[in-house]
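Below is one structure, written out as structure tokens; comments come after it.
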Number of protein chains: 2
Amino acid sequence: MSDTSALGTERTISQGSSGAAKADPLGTCSPHHEAWRSLARTHAAVSGRLQEALAQAELPPLAWFEMLAAIAASDEERMKMGELAEALVITRGGLTKLVDRLVKAGLIERTFCETDRRVSYATLLPAGAELLEEMVPVVSAELELAFAARLSEHQADDLRVTLDALRGTACNGD
Amino acid sequence: MSDTSALGTERTISQGSSGAAKADPLGTCSPHHEAWRSLARTHAAVSGRLQEALAQAELPPLAWFEMLAAIAASDEERMKMGELAEALVITRGGLTKLVDRLVKAGLIERTFCETDRRVSYATLLPAGAELLEEMVPVVSAELELAFAARLSEHQADDLRVTLDALRGTACNGD
DNA sequence: GGTCAATAGTTGTTCTCTCAAGTATTTCTG
DNA sequence: CAGAAATACTTGAGAGAACAACTATTGACC
């Protein structure tokens, strides 16, 4: 890939003498912008890597894995639609259709709440748990490749902490 | 949102006594999985925040900003389609259509290479530069809110370095 | 108890991306 | 120089997700 990491951090040169030299007049090279760009690009890169690995193994897409993993990790192997939408960071409308697909594939099932008839659960079925067990090693292997090869365990943990701090849980409407 | 950070790292309890206690039988709670989840969720959160801010200011979507910023940051205020696709981490097919939209909006222009007639450039137009100048403060402000409020400048820089290392530039086909 | 707002999910539309195939241009080979 | 392979980009079809509008259920207030 093109090496775009030569940044103008030390550029204190005059901005009008060399013609083509950009001196970041807009401020898109601030540390925060840089960090955000790295975040976006790294996410895209890793995500693409995972999707590719799953596709090569003839397994369903990453979103299915995230969903199955989220449900499997919950206490009762079932999750409310709303919680699931938050966990996967997609809209509720999007979730409804994603769940539809998994239901159609026989991996999960819709169950309902006795006490509040508005809520419905996505409940893991045996077939879903089985598929998840097939997907986990593929994802783990790819993650090892991406993480373990380049980051120490301490770094990985540190990264997680920083990212969690960055995400915060701010719900400032505006 | 729901506090899912209570992890089973220290869980050495017997896994069969308490019924509903999950002991991560699949390994989806390894440091690398955790870090990846944080990466995905933080990216989605920040990205959503930026998009929302832009929408509220009645400005074009984030993808347009990324594109304009990438072109503006290049030496000649123009970029080859291929380079642009890599910078934005989307496929070339996707880029063609994204460029189409920006061209239709009068923000950029397609120019061609004299020496190699296969390559075409996306070239910034005055209107695009102007719009970019409107968008930068909105994005910067939102980024400040997300980053500066929660991360020290050193942390932000550290984050960038770690993410860049993680992304690597490995092109291992398979 | 009846009405109104709030909450939980679903549906239809639209947009954008990916994938696979196609065109045009250049480079390599004989 | 002709033909094959490689490169750069475009096109068309399909899937996935966001957005807004909708239904159903619950809880609050009079």
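Protein chains get the first letters and strands the later ones, always in sequence-line order, with residue 1 at the start of each.
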Quick one: [X] [atom1] to [N] [atom2], roughly how many Å, whole number?
| X | N | atom1 | atom2 | value |
| --- | --- | --- | --- | --- |
| B:L98 | D:dC9 | CG | P | 14 Å |
| A:Q51 | D:dA17 | CD | C1' | 13 Å |
| B:L102 | C:dC15 | CG | P | 16 Å |
| A:W64 | D:dA17 | CH2 | C1' | 15 Å |
| B:E52 | D:dC19 | CD | P | 9 Å |
| B:I90 | C:dC15 | CD1 | P | 18 Å |
| B:E86 | C:dT18 | CD | P | 14 Å |

Those residues that, when tested against B:A45, pass side chain to side chain contact (heavy atoms under 4.5 Å, CB included) (two or more places apart):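 Applying side chain to side chain contact (heavy atoms under 4.5 Å, CB included) to B:A45 gives A:R167.
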
Pairing residues for A:E109 by the side chain to side chain contact (heavy atoms under 4.5 Å, CB included) criterion, not counting sequence neighbours: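 Checked A:E109 against side chain to side chain contact (heavy atoms under 4.5 Å, CB included); matches are A:T111, A:L125.
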
Phosphate-side-chain proximity, A:R101 and D:dG16, N/O vs OP1/OP2 below 4.0 Å: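 For D:dG16, OP1 or OP2 has a side-chain N or O of A:R101 closer than 4.0 Å.
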
Of the listed nucleotides D:dT26, D:dT11, D:dA18, the one nearest the side chain of B:K97: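 For B:K97, the side-chain atoms sit closest to D:dT11.
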
Pairs where residues 124-136 of chain A contributes a residue and the test salt bridge (Lys or Arg N to Asp or Glu O under 4.0 Å) is met, not counting sequence neighbours: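 Those involving residues 124-136 of chain A do not exist here.
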
Salt bridge A:E34-A:R37, side-chain N to carboxylate O under 4.0 Å: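 Yes, this pair counts.
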
Between protein and nucleotides 4-10 of chain C, what N or O pairs are separated by less than 3.5 Å?
residue: C:dT7; atom: O2; partner: A:R118; partner atom: NH1; Å: 3.1
residue: C:dG9; atom: OP1; partner: A:M81; partner atom: N; Å: 3.3
residue: C:dG9; atom: OP1; partner: A:S120; partner atom: N; Å: 3.4
residue: C:dG9; atom: OP1; partner: A:S120; partner atom: O; Å: 3.3
residue: C:dG9; atom: OP2; partner: A:G82; partner atom: N; Å: 2.9
residue: C:dT10; atom: OP1; partner: A:R110; partner atom: NH1; Å: 2.7
residue: C:dT10; atom: OP2; partner: A:T96; partner atom: OG1; Å: 2.9
residue: C:dT10; atom: OP2; partner: A:R110; partner atom: NH1; Å: 3.3

Quick one: side chains of residues 91-106 of chain A, donor-acceptor pairs under 3.5 Å with protein atoms, not counting sequence neighbours, listed by atom name and distance.
residue: A:T91; atom: OG1; partner: A:G94; partner atom: N; Å: 3.2
residue: A:T96; atom: OG1; partner: A:R92; partner atom: O; Å: 3.2
residue: A:D100; atom: OD1; partner: A:R110; partner atom: NH2; Å: 2.2

Apart from B:F112 itself, residues in the same hydrophobic cluster as defined by side-chain heavy atoms under 4.5 Å: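 None, because no other hydrophobic side chain comes under 4.5 Å of this residue.
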
